[in-house]
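What follows is a set of notes on a single structure, which appears directly below.
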Amino acid sequence: MGREEASEPAAVLLRLVEALRRCHELLIAPHWGRMRAVLEADIGRRALTLVDGGVQALFTELHRDLAWDGEQLVVHGQRTPHAIYTVDAGQRGLVILPSVFNWPNVGVDKSPVTAASIRYPAVGVGLLWEAPPPTLAGLSPVLGHTRTALLTALAEPLTTAALASRLGITPSAVSQHLGALRGAGLVSTQRTGRTALHLRTERATNLLDTSAP
């Protein structure tokens with residue numbers, strides 16, 4: 001093998017790395033804030049489900065193609081009719097990964113080298129590319145622009161980090177505003193370990209509805 005032939009794989013690898021970098025910069029990086037917010041909100045939701053209902057509840061709501069029978073996790077394939085896979089976590093464990101790319105299917109690593117993994121569509125992925133709802137002008141003079149925007153975003157459970165990313169402000173600023181909104185009975189927060197999910201209350205929803213044009 002000549003020197004040029006021997007060096008060709010390395011050159012191809014460099015071009016491949018550069019192509020992946022450019023794809024990330026153009027396709028992922030500009031939208032990563034919104035993607036991350038959706039993923040973090042989904043992880044928080046699954047953590048609460050696991051604590052409240054256990055493994056059975058977690059896999060029951062995770063995806064329609066997944067079924068937990070108490071001993072093993074069974075995956076019913078949609079792309080291949082009648083295909084059924086059993087996820088074997090062995091001694092390495094199982095990692096469940098929300099994704100914004102594989103809707104509406106669930107992905108299974110059938111030959112795991114380390115921990116077995118399942119990729120499933122994150123909740124809210126269908127709203128990922130929708131423009132954010134406009135801030136309600138009627139409430140802004142009373143609550144302020146940021147607090148009104150927080151209430152508008154909290155139609156779904158979100159973490160402090162997700163809210164900060166979505167609104168473009170710091171997590172500490174989000175926490176201060178959330179404290180004021182909780183004190184007014186407009187936001188509720190549910191904590192599980194280090195995870196805290198915020199959601200607007202029925203009072204806040206009614207307030208937003210009456211303020212809508």
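FYI, side chains are in, hydrogens and waters are out, and symmetry mates aren't considered; it's all heavy atoms of this structure.
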For this session: May I ask you to test the Arg147-Leu181 pair for a side-chain heavy-atom distance under 4.5 Å?
Result: yes
Problem set entry | Non-hydrogen side-chain atoms of Leu39 and Trp32 separated by less than 4.5 Å | yes
Seminar exercise, completed: Between the CD atom in Glu202 and the CG atom in Leu207, the distance rounded to the nearest 0.5 Å is 12.5 Å
For this session: Please test Leu58 against Ile96 for side-chain contact (heavy atoms from CB on, under 4.5 Å), starting from the C-alpha separation and ending with a verdict.
Result: CA-CA 10 Å; Leu58 174 65; Ile96 57 174; 4.0 Å; yes
Problem set entry | Backbone of Asn105 reached by a side-chain donor or acceptor of Asp65 within 3.5 Å | no
Seminar exercise, completed: Taken to the nearest 0.5 Å, the spacing of Leu48 CG from Arg191 CZ works out to 11.5 Å
Problem set entry | Co-membership, hydrophobic cluster, residues Ile118 and Val55, 4.5 Å side-chain | yes
Problem set entry | Heavy-atom pair of closest approach, residues Ser117 and Leu97 | CB-CD1, 4.1 Å
Exercise. Do the side chains of Trp103 and Ile28 join up, straight or via other hydrophobic residues, at under 4.5 Å, putting them in one cluster?
Worked result: yes
Exercise. Are Phe59 and Leu50 close enough that some pair of their side-chain heavy atoms sits under 4.5 Å apart?
Worked result: no
Exercise. Do the charged groups of Arg46 and Glu61 touch, with an N to O distance under 4.0 Å?
Worked result: yes
Problem set entry | Validation row: Leu158, Leu150 side chains within 4.5 angstrom (heavy atoms) | no
Problem set entry | Distance-only donor-acceptor check, side chains Arg200 and Thr205, under 3.5 Å | yes
Exercise. For residues Ser188 and His198, is any side-chain donor paired with an opposing acceptor at under 3.5 Å?
Worked result: no
Exercise. Considering only heavy atoms from C-beta outward, does the side chain of Tyr120 approach that of Asp42 to under 4.5 Å?
Worked result: yes
Problem set entry | Main-chain N/O of Ala161 paired to Ser165 side chain as donor or acceptor, under 3.5 Å | no
Problem set entry | Heavy-atom check, side chain of His63 versus side chain of Pro121, under 4.5 Å | yes
For this session: Look only at the side chain of Thr201 and the backbone of Gly185, and say whether a donor-acceptor pair between them is shorter than 3.5 Å.
Result: yes
For this session: Kindly write out the residues that satisfy side chain to side chain contact (heavy atoms under 4.5 Å, CB included) with Val38, not counting sequence neighbours, or none if the list is empty.
Result: Val100, Ala122, Leu128
For this session: Report, as yes or no, whether the 6.0 Å neighbourhood of atom CZ on Arg203 holds more than 12 heavy atoms from other residues, nucleotides or ligands.
Result: no
Problem set entry | Counterpart residues, ring pair (Phe, Tyr, Trp, His ring centres under 6.0 Å), relative to His24 (two or more places apart) | none
Exercise. Once you round to the nearest 0.5 Å, how far does CG of Leu26 lie from NE2 of His31?
Worked result: 9.5 Å
Exercise. Side-chain heavy atoms under 4.5 angstrom apart, residues restricted to Ile, Leu, Val, Met, Phe, Trp, Tyr: same cluster for Leu154 and Ile169?
Worked result: yes
Exercise. Heavy-atom count around Glu18 CD within 6.0 Å, excluding the residue itself: above 12?
Worked result: yes
For this session: Could you check if a side-chain atom of Val174 sits within less than 4.5 angstrom of a side-chain atom of Thr170, using non-hydrogen atoms only?
Result: no
For this session: Side-chain contact test, heavy atoms from C-beta onward, threshold under 4.5 Å: evaluate it for Leu199 versus Val187 and give yes or no.
Result: no
Problem set entry | Cluster link Leu186 to Leu178, ILVMFWY, side chain under 4.5 Å | yes
